[in-house]
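Reckoned from all heavy atoms, side chains included, excluding hydrogens, waters and symmetry mates. Treat the numbers as computed from the prediction; the structure is a model and nothing was measured.
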Amino acid sequence: MTNQKRPRKSSPHVTRSNTKPPTATAFQPSSRVSQAVLAAMTDQEAGASLDSALSRALKATPGLDPNQRRQVVKELNEINRHRARLTWHLEQERIRLSPHNLFMAWTGFESRQAPVGIRITELDRALIEHMKTRSLADPETPEAVRLECPEAFERPLREALGKTFAAEMAACLEPPPVDLRVNILKGTVAEARRRLKIEGIATHPTPFSPWGLRAQPGSNVSPTAAFTEGLIEFQDEGSQTAAALCDARAGMQVMDFCSGTGGKALALGAAMNNRGHLVACDISTVRLARAKLRLKRAHVENAERILLPQVDDKAMKKRYAHFDRVLVDAPCSGTGSWRRNPDARWSTQAANITELTGLQDSILERASRFVKPGGRVIYATCSLLRRENDDRVAHFLKAHPEFEQLDARAVWKDVTDRPWPTEGENVLRLSPAKHSTDGFFAAVMQRRSP
């Protein structure tokens with residue numbers, strides 16, 4: 001599969017009625033959802049992230065109610081979840097790959113009428129009608145295309161997953177369940193489950209995380225009082241499990257080195273019962289600002305937020321060898337989160353594994369300076385690739401003999417009586433097909449005492 005744009009050519013299926021360029025039909029009554037979806041797709045094609053593209057598209061499309069906004073998000077995710085197959089079918093027809101043509105092809109495969117509110121040509125209508133006659137599961141489609149695995153990721157994923165490649169990629173195409181983490185500062189898992197049931201949300205406890213509840217895909221939990229009051233947070237069970245593996249306790253000094261908007265910091269603060277000191281670090285003021293709001297809503301009161309300088313300054317160096325736990329949830333390819341973030345698989349930045357592994361090494365080395373003797377650094381990613389996981393741990397330990405790897409199974413027993421998810425391994429390794437979570441990896445390393 002290729003994203004190279006091809007000129008339109010005549011085909012036996014999609015034909016022009018004459019040699020003149022087709023004329024556009026008159027605008028039909030506006031469909032704000034279709035307009036927002038196509039605007040976001042066009043922005044993504046120009047290099048914007050899905051979040052940025054979606055935010056701009058929604059702002060540029062006033063009047064969308066909450067249901068329509070959810071429909072826009074769902075439509076974008078579904079198109080990204082089928083992008084390789086849509087592209088393949090367009091290429092068979094020698095039709096130029098563009099956001100507009102992808103959207104037209106998707107409309108046809110969904111057996112819909114031509115969208116209103118968008119400039120539609122006769123060729124677009126012919127494309128839509130023709131795609132209604134074809135199947136996305138064409139037997140001639142290559143396996144990687146059927147499984148929506150981009151060319152840049154196919155080889156490293158096959159190396160990492162072996163015989164389970166097809167099963168894992170198929171699981172990455174399924175919409176994820178809605179996983180929730182109960183904020184134990186505000187209530188118990190049983191209480192949260194009861195309150196959600198009253199509001200019409202059925203859940204069951206997650207099998208591994210001691211704080212988790214799981215609802216059906218598509219469950220609308222945001223309007224519930226349990227969420228608005230901070231009793232629950234959205235967080236995949238894999239991410240919860242990695243946070244639990246930190247074994248953060250009351251009275252400790254804990255650092256979340258790549259905190260982002262604070263998802264794991266919230267879990268760490270709750271595990272510490274608001275006692276001790278929690279530091280959330282990130283390079284983005286926007287993400288830290290959002291983390292501030294989330295920490296306040298969750299009543300996490302022992303947290304400090306720090307904007308990481310490009311190089312550790314005097315203030316940061318004073319914190320060296322100071323922390324009992326340092327969590328490094330490193331930037332990565334995101335291959336483990338494709339079912340939740342289907343747009344991530346098409347990111348050219350995420351596909352640059354060599355650049356990412358270099359960044360991961362530098363982040364882990366920098367974060368390790370803050371670990372005191374006897375303290376631990378927990379290295380985690382939402383990647384399925386061993387190059388980003390096991391290889392980075394081995395690289396770090398070879399360069400830092402003052403650290404040793406701990407058996408994560410033993411650490412887990414100190415945290416919870418829930419079963420250890422990764423049978424036969426001393427690292428956490430979760431996957432969509434095997435564990436019904438996002439793909440997640442975590443290893444625990446301890447600084448030797450003098």
Side-chain angles (χ1 to χ4, degrees), residues 181 183-185 209 211 230 233-236 238-309 312 315-316 318-332 334 337 359-360 362-372 375-383 392 396 408 411 415 428 438 440-447:
R181 180 185 55 78
N183 180 6
I184 56 176
L185 292 173
S209 168
W211 313 314
E233 288 283 343
F234 293 100
Q235 191 172 44
D236 182 79
S239 191
Q240 294 181 42
T241 305
L245 195 60
C246 292
D247 192 19
R249 302 185 184 190
M252 283 186 172
Q253 300 288 321
V254 178
M255 175 180 280
D256 183 354
F257 193 74
C258 303
S259 65
T261 59
K264 292 183 182 63
L266 295 173
L268 296 172
M272 297 167 70
N273 197 25
N274 270 336
R275 290 184 289 171
H277 187 208
L278 172 63
V279 176
C281 305
D282 201 81
I283 61 173
S284 167
T285 55
V286 174
R287 290 194 290 261
L288 286 174
R290 187 175 172 193
K292 179 181 180 180
L293 298 176
R294 297 180 72 188
L295 289 163
K296 182 178 180 180
R297 185 169 64 87
H299 285 188
V300 175
E301 299 167 351
N302 65 330
E304 174 188 6
R305 294 170 300 115
I306 292 180
L307 181 66
L308 278 175
D312 287 343
M316 291 300 292
K318 285 183 178 180
R319 299 174 186 264
Y320 283 180
H322 185 71
F323 290 86
D324 299 282
R325 303 285 187 269
V326 176
L327 171 61
V328 180
D329 185 6
C332 68
S337 64
L359 178 62
Q360 290 153 4
S362 65
I363 289 175
L364 180 54
E365 193 280 329
R366 184 182 181 186
S368 70
R369 303 169 192 167
F370 297 91
V371 181
K372 70 182 185 182
R376 300 171 185 173
V377 59
I378 297 87
Y379 175 75
T381 76
C382 56
S383 172
R392 304 284 51 84
F396 174 78
V411 176
V415 174
L428 179 70
D438 287 355
F440 230 93
F441 171 89
V444 184
M445 293 163 281
Q446 182 166 291
R447 183 185 286 275

Q.
Just to verify, what does S362 make a side chain to side chain contact (heavy atoms under 4.5 Å, CB included) with, not counting sequence neighbours?
A. L359
Q: Go through the structure and list residues passing side chain to side chain donor-acceptor pair (under 3.5 Å) with K372, not counting sequence neighbours.
A: D324
**Q.** Interatomic spacing from CZ in F234 to CZ in R294 - rounded to 0.5 Å
**A.** 10.0 Å
Q: To the nearest 0.5 Å, tell me how far Y379 OH sits from L428 CG.
A: 13.5 Å
Q: Find the distance between SG (C246) and CG (L327) and round it off to the nearest 0.5 Å.
A: 4.0 Å
Name the atoms and distances for all side-chain donor-acceptor pairs under 3.5 Å in residues 266-281, with sequence neighbours left out.
from	atom 1	to	atom 2	distance (Å)
N274	OD1	E301	N	2.8
N274	ND2	H299	O	2.9
H277	ND1	Q253	OE1	3.3
H277	NE2	E304	OE1	3.0

**Q.** Residues that D312 engages under side chain to side chain contact (heavy atoms under 4.5 Å, CB included), provided they are two or more places apart
**A.** M316, K317, Y320, R366, R369, F370
Q.
By the salt bridge (Lys or Arg N to Asp or Glu O under 4.0 Å) test, which pairs, at least two apart or in different chains, include something from residues 243-254?
A. D247-R249, D247-R325, D247-R376
Q | Sequence-distant partners of L293, side chain to side chain contact (heavy atoms under 4.5 Å, CB included), two or more places apart | A | none
(Q) Restricting to side chain to side chain donor-acceptor pair (under 3.5 Å), what partner residues turn up for S209, sequence neighbours left out? (A) Q240
Q.
Using every non-hydrogen atom in the two residues, find where V411 and L245 come nearest and quote the distance to one decimal.
A. CG1-O, 3.5 Å
Q | Distance, nearest 0.5 Å, that separates CG of D282 from CZ of R290 | A | 12.0 Å
**Q.** Partners passing salt bridge (Lys or Arg N to Asp or Glu O under 4.0 Å) against R305 (at least two apart in sequence or in another chain)
**A.** none
Q: Identify, with sequence neighbours excluded, every residue that meets salt bridge (Lys or Arg N to Asp or Glu O under 4.0 Å) alongside R447.
A: none
**Q.** For S259, all residues meeting side chain to side chain donor-acceptor pair (under 3.5 Å), sequence neighbours excluded
**A.** none
(Q) Is there a side-chain contact between H322 and M255 in this structure, where contact means two heavy atoms from C-beta onward sitting under 4.5 Å apart? (A) no
Q: Please list, chain by chain and in numerical order, all residues satisfying salt bridge (Lys or Arg N to Asp or Glu O under 4.0 Å) with D256, sequence neighbours excluded.
A: none
Q: List for me each residue that meets side chain to side chain contact (heavy atoms under 4.5 Å, CB included) alongside S239, sequence neighbours excluded, and say none if there are none.
A: Q235, K264, F440
(Q) Run the side-chain contact (heavy atoms from CB on, under 4.5 Å) test on F257 and V377 for me, step by step, so that the C-alpha distance in whole Å, both residues' side-chain angles and the decisive distance to 0.1 Å come before the verdict. (A) CA-CA 10 Å; F257 193 74; V377 59; over 6 Å; no
Q: Hey, could you give me the CD1/CG distance between I306 and L288, rounded to the nearest 0.5 Å?
A: 9.5 Å
Q) Between N183 and A298, what is the shortest heavy-atom contact and its length? A) ND2-O, 2.9 Å
Q. So, Q360 side chain and P331 main chain: donor-acceptor pair closer than 3.5 Å or not?
A. yes
Q: Working to the nearest 0.5 Å, report the span between CG of L185 and CG of N302.
A: 8.5 Å
